[in-house]
Every structure is written in structure tokens, then in C-alpha cells.
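A short write-up of the structure that comes next.
Only a predicted model underlies this, so the values are computations on that prediction, with no experimental measurement involved. Naming: A, B, ... by sequence-line order, numbering from 1 per chain.
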Amino acid sequence: MHPALSVIFFTVTSGAGYGLFILLALAHVFGIGDPLTVGEFYTAGILSLVMITAGLLSSTFHLANPKNAWRAVMRFRTSWLSREGVFAIAFYPFAVLYMLGFYINGLELGVPCILFALIGALIALITVFTTGMIYGSLKTIPQWSTSLTPANYILLGLASGATFFTAIRALAGSEVGTIAALAVALVAIAAIGKVIYYFWIGRESITINTATGFTRAVVRLLDTGHTCDTFLNREFGHTIDCAKVGLLRGVVYLLAFALPIILLAMIATQNGGSGLALLAAISIYLGTGVERWLFFAEAKHVVNLYHGRQSC
Amino acid sequence: MKLGLVIDLDVCVGCHGCAVACKQWNTSGTTGPLTDTDAYGAEPSGVWFNRIRSYEVGDYPHNKTVHFPMSCMHCEDAACVTVCPTGASWKRQEDGIVLVDQDKCMGCNLCSWACPYGARELDPASGTMKKCTLCIDRIYDERLPVEERQPACVLTCPAHARHFGDFDDPESDVSRLTRERSGYALMPEMGYKPTNKYLPPRQKRTVDTSDVARGGVRDKLKAWVNRVVAR
Ligand code: SF4
Ligand code: SF4
Ligand code: SF4
């Protein structure tokens, strides 16, 4: 699949933004770690909303006819993309009400504020799930058609959100031991999910034989029927060689998982300062970007079988 | 009704006539134009509802060239329709034709991702998704003579490799052909239940040449001269 930068930026940035909001709401409501300061609350809250909004706006650059984008909420009953749109919109009132409640009451948590925070966090989680399901529900792309896809989206969103949250609190000079330890756990779980995914997509199950119906003989492409690029080639024809996949997976393991885990663990054990936390956040953000690029680049749409691929 | 096409792989000669006729008819039809970019330049590209690929099946000497036209299969379980967030993609209840409402499409490409058969192409000029309409603006046009109320690709095919009809009617041409010639659907494991069916190439008797009389001295001389002169 063609890795479109607008979609990569969207899924990575808004995923981290939703993760950050979830962590903020949970830490606030359940009092995880040291009590929040007002500054931390606003920084985390506003940053999460900015990231989510920037991501959603970027996703509209991917549309060829954005003037009809408002119609995307119409097919809620069948389309995961539509559901994503609906939940993304439904998230805003709760997030804003939560922040507003904070503005009015300060750090004192009232019942409505707790409700807005928890419902907002739940909708944020569902939104990331729906994003994953857009890809996970496509049977035409065997590498995506697995429940590991939405799981990875959620785990990576939470892991980056937790890392961002740790960085914000550390930069504000708070005690972040507990929250950093939580972040280490979330990044480690995300890493396990991704390793399983990379093993799982190794198999190729659909062949040129069932695609053409000639199941008792070798089938080779003689002619694609076109002389220059087509929509199908540009959208689905993207290929990547094994060496590059190996290299980039290494980058993902390093930037998205290993480095953040080491840095966060150092912070959790009081061995590092806020600079390391910032580094961890930058590292996981870039690492997730590479991870998302690979997610698209490694996906093989079955239409490639008609263009001569033997299996997908 | 369940309208669709039967494509006879035994007789298709790979002339691309159906693709050209389709482009000609539909570019001024309901979902036209089928925009071309750089049409006279070095990298011509454009929207097609119908594409023909050619394959070699089997190994020499038991190999065969098969030409393979593909357009929308008007699937019964069309995920291209269910994934569409705007409701632009829809499947008609009365005859099963899958269409894209050009006024509603936002050009997100998701339906083309959901189609296993490469039947949908985005028009860069309008920013909307386009696909085979089963020539809905021909088959129901009562101003056309009855025999012309067929898709452009079917009418034009010089080899009669394409047939159009109602699969719900067991006595229709397409049902009969599918039954008698073991018509099959492509990539059935996807579970889309394509309406269009493909007729496999027939097994042909091999012509034995071992008993053909070998030429006399004159023929051999002629053959030798031909070879030498060609060089
Ligand atoms: S062939 Fe593709 S575009 Fe046509 S109905 Fe089936 S899935 Fe949809
Ligand atoms: S490109 Fe258009 S028809 Fe296809 S899924 Fe998106 S909105 Fe629907
Ligand atoms: S039925 Fe009509 S639109 Fe479809 S491939 Fe044939 S000519 Fe094109």
C-alpha cells in the first residue's frame, strides 16, 4: 500500500493525543502519581486537543473531494471510517466540558467533572479502536485483517500518550516515578504486541491461482494491459525490499520501544532528569511514525495478484 | 434481478475492444467523464472501468495464453459499499448494480481498498470514485432498440466473449452458460460473492503432427533458401 504521509501523521499524532488525554483523565480522577498542578493539567489537556485536532485536519488532506467530508458521518451502521468520524466529534464536547469544569472548580474534582473525564477517556479509546478497525476490517489486505491491528493502534496510542504525559510532568518539575513506571509498562506491552504482529504477517495466504481461478497450474503475468502508471499501481503497487524492512523494523524497535523504555526506567528509578523524559517522548513519536510507515509499506493488497504477484 | 456479466476466457482474444468501448460510452455517461491525464504526453494515465491482463497458464509445452478482462463484479456481499462512510457507494436492491453517487463521494479511497478486484479508480479531476455502472444508462434506455439495451463492452466484443443477463433467471443466457461451462467466481475465499462469472478455457484436442508427410527435395531446398536469405 502507498504510505500516504497525511494518514501516517494523522494516525500517529491523534493516536498519541488520545493516549495523552486518557492518561491525564485517569491520573487526575484516580490520583495516580503525585497530585497534578494547574500548569500540568492545562499543558497536557491543551496539547492533547491540539494533537488530536492537527491529526484530524491532516486526515482531510488525504481526501480528494473534502467538500463532502461532512457526509462521512452518514454510514455509522456499517462503516468504521464513519464510526471514527462520529466518535472523533463526540469526543470534543466531553473533553471541553472536562477542561471547563477544571477552569471553574480548579483541582477540586466534582462528580460532573469525573463523569466528563471518564466518558471523554472512553470515547478517546473507542476512537483509536475505530481507527485501527478501518484497516483491520479490510479482508483485501491480509497483513491488516487481524485483531492485532486495532490492538496495536490502541497500545501504541496509550504508550505514546503515557510517555508524553511523563515528559510534561517531568518538565514541570513534578515527581514522576509512578507515572514513568506506568509508561514503561505500557511501552513494553505495546512492544510485545508489535513483535507478535511482525511474526504474524510473515505468512502469505492468498495466491494468484485462486485470484485467476487456475488452481492446477502455474500462472504467470504476461502483460498488465497498461503502459504507464495507473490508479491501481500508485495506490497498491508500493513494494519494499526485505533488507529495508529489516532495517526499518530495527529502527522501530529502537526508537519506539527500547530507547523510551530505558529512558523512562531511568526516570522511574530517579536516575534521570526532565531532559531524558523529553527525549523519550520525541523518540517514541518518531518511532511510531516509522512504525506506521511500515504498516502501510508492508501491506500487500490482493489486487497485486492480478499484476503478477504470486501470493499476498 | 441479479444483473451481471459472464466472461468467456476460452474465446477472449485480448483485443481491449471492450475496454475502449466502455471508455467511449461511459466518458459521456452518468459517471463520466473518465478523465485522462497527460493523454498525449510521456506518462499517459486515466480512469478505466475495465482492464484486460494477459497470463501464461501452465508450463511449456502445456502452456496457454489467457486474456483476462476485469470490471466490477457487482458482488452480492460488496464490502466496497459497507465501508463507504458517506453513503456514496450503494447497491441497488432491484438489480444488484453497485454504483457511486458522484454528488456524495468525498474521495477517501477506502472503497477501492476494500475491493479485491481493482474495479474502482479515483478520478483526479473530480476527486470522486468511479467504477463500472453495468452501463445502467444503456440497459434501461427504452429509446434504444431492444437488442442494443446491453452494456457497451458486451455489444462491441468481436469474439462474443462477454454476455450480459439476469443470474436470478435460471434460463437466462448467463445462467445457462455458467451452468454448462462450469463458470466460476474469482477469489471466492474473499467471500464477496461476485455476480460476474468466468468461463474457463476449454480443453482442446492436441493436433498430432507426426503423420504429416515430410516435403520432398524441392521443399527442403526452398526451406533452406528461405533460411539463408532471411539471414
Ligand atoms: S468488484 Fe469491487 S467494486 Fe465491484 S462490487 Fe465487488 S467489491 Fe465492489
Ligand atoms: S471514495 Fe467515495 S465512494 Fe469510496 S468510500 Fe470514500 S466516499 Fe465512499
Ligand atoms: S458494463 Fe459498461 S461500464 Fe461496465 S465494463 Fe462494460 S462497458 Fe464498462
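- At a 4.5 Å heavy-atom cutoff, the contact between B/A42 and chain A is made by backbone atoms alone.
- Heavy-atom distances place no part of A/F61 under 4.5 Å from chain B, backbone and side chain included.
- Within a 6.0 Å radius of CD in B/E180, more than 12 heavy atoms belonging to other residues, nucleotides or ligands are found.
- A distance of 9.0 Å separates SG in B/C108 from CD1 in A/I134, rounded to the nearest 0.5 Å.
- Your options are A/N209, A/L221, A/I141, A/I206, and the one with the most heavy-atom pairs under 4.5 Å with chain B is A/L221.
- A/N68 contributes no side-chain N or O that, together with a main-chain N or O of B/T86, makes up a donor-acceptor pair within less than 3.5 Å.
- Interface remark: of the candidates B/T65, B/T82, B/D38, B/T82 forms the most heavy-atom pairs closer than 4.5 Å to chain A.
- In this structure, chain A has no heavy atom under 4.5 Å from any part of B/A79.
- For A/T140 (side chain) and B/P116 (main-chain N/O), no donor-acceptor pair under 3.5 Å exists by modelled atom type.
- Taken to the nearest 0.5 Å, the OG1 atom of A/T207 stands 7.0 Å off from the CD atom of B/E189.
- Heavy atoms of A/H301 lying under 4.5 Å from chain B belong exclusively to its side chain.
- Once rounded to the nearest 0.5 Å, the distance linking CZ of A/R71 with CG of B/D101 reads 7.5 Å.
- Each ring pair (Phe, Tyr, Trp, His ring centres under 6.0 Å) pair with one or both residues in residues 36-56 of chain B, not counting sequence neighbours, appears once here: B/Y55-B/F68.
- Across B/C84 and A/S79, no two heavy atoms sit closer than the pair O-CB, 3.6 Å.
- Of the inter-residue distances, the one linking A/M1 atom CE with B/N109 atom CG reads 8.5 Å to the nearest 0.5 angstrom.
- Using a 30° and 60° split on the angle between ring planes, B/Y117 and A/Y306 fall in the tilted class, from 30° to 60°.
- Taking 4.5 Å as the limit, some side-chain heavy atom of A/L63 sits within range of a side-chain heavy atom of B/M106.
- The OG1 atom of A/T224 lies 11.5 Å from the CD1 atom of B/I52; values are rounded to the nearest 0.5 Å.
- No part of A/F76 comes within reach of chain B, as not one of its non-hydrogen atoms sits under 4.5 angstrom from that chain.
- Each of A/L305, A/V73, A/L81 has some count of heavy-atom pairs under 4.5 Å with chain B, and the biggest count is that of A/L81.
- Counting heavy-atom pairs under 4.5 Å between each of A/D229, A/T78, A/L222 and chain B puts A/L222 at the top.
- If you take CG on A/L232 and CZ on B/R51, they are separated by 5.5 Å, rounding to the nearest 0.5 Å.
- Of all the listed residues (A/S59, A/P66, A/A72), the one sharing the greatest number of non-hydrogen pairs under 4.5 Å with chain B is A/A72.
- With respect to chain B, the highest number of heavy-atom pairs below 4.5 Å among A/A211, A/A217, A/G308 belongs to A/A211.
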So B/L110 and A/L138, side chain to side chain contact (heavy atoms under 4.5 Å, CB included) or not? Walk me through it. CA-CA 9 Å; B/L110 189 58; A/L138 294 173; 4.3 Å; yes
- Hey, mind stepping through B/R120 and A/F231 against side chain to side chain contact (heavy atoms under 4.5 Å, CB included) and telling me if it holds? CA-CA 9 Å; B/R120 293 176 165 249; A/F231 170 77; 5.8 Å; no
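- Under the 4.5 Å side-chain criterion, counting only non-hydrogen atoms from C-beta, B/L9 is in contact with A/F214.
- Atom CE of B/M1 has more than 12 heavy atoms from other residues, nucleotides or ligands within 6.0 Å.
- Proximity to chain B is limited to the side chain of A/R234, based on heavy atoms less than 4.5 angstrom apart.
- Classification of B/D59 and A/R220 as a salt-bridged pair holds, one side-chain N sitting under 4.0 Å from a carboxylate O.
- Contacts of B/V66 with chain A are made by side-chain atoms alone, with heavy-atom separations under 4.5 Å and no backbone atom involved.
- For B/Q93, the CD atom is loosely surrounded, since the number of other residues' heavy atoms within 6.0 Å does not exceed 12.
- Within a 6.0 Å sphere centred on NZ of A/K244, other residues, nucleotides and ligands contribute 12 heavy atoms or fewer.
- Among A/T227, A/T230, A/V218, the residue with the largest count of heavy-atom pairs under 4.5 Å with chain B is A/V218.
- No hydrogens or angles considered: nothing links the side chains of A/E235 and B/S112 as a donor-acceptor pair under 3.5 Å.
- The closest side-chain heavy-atom distance from A/V302 to B/M190 is below 4.5 Å.
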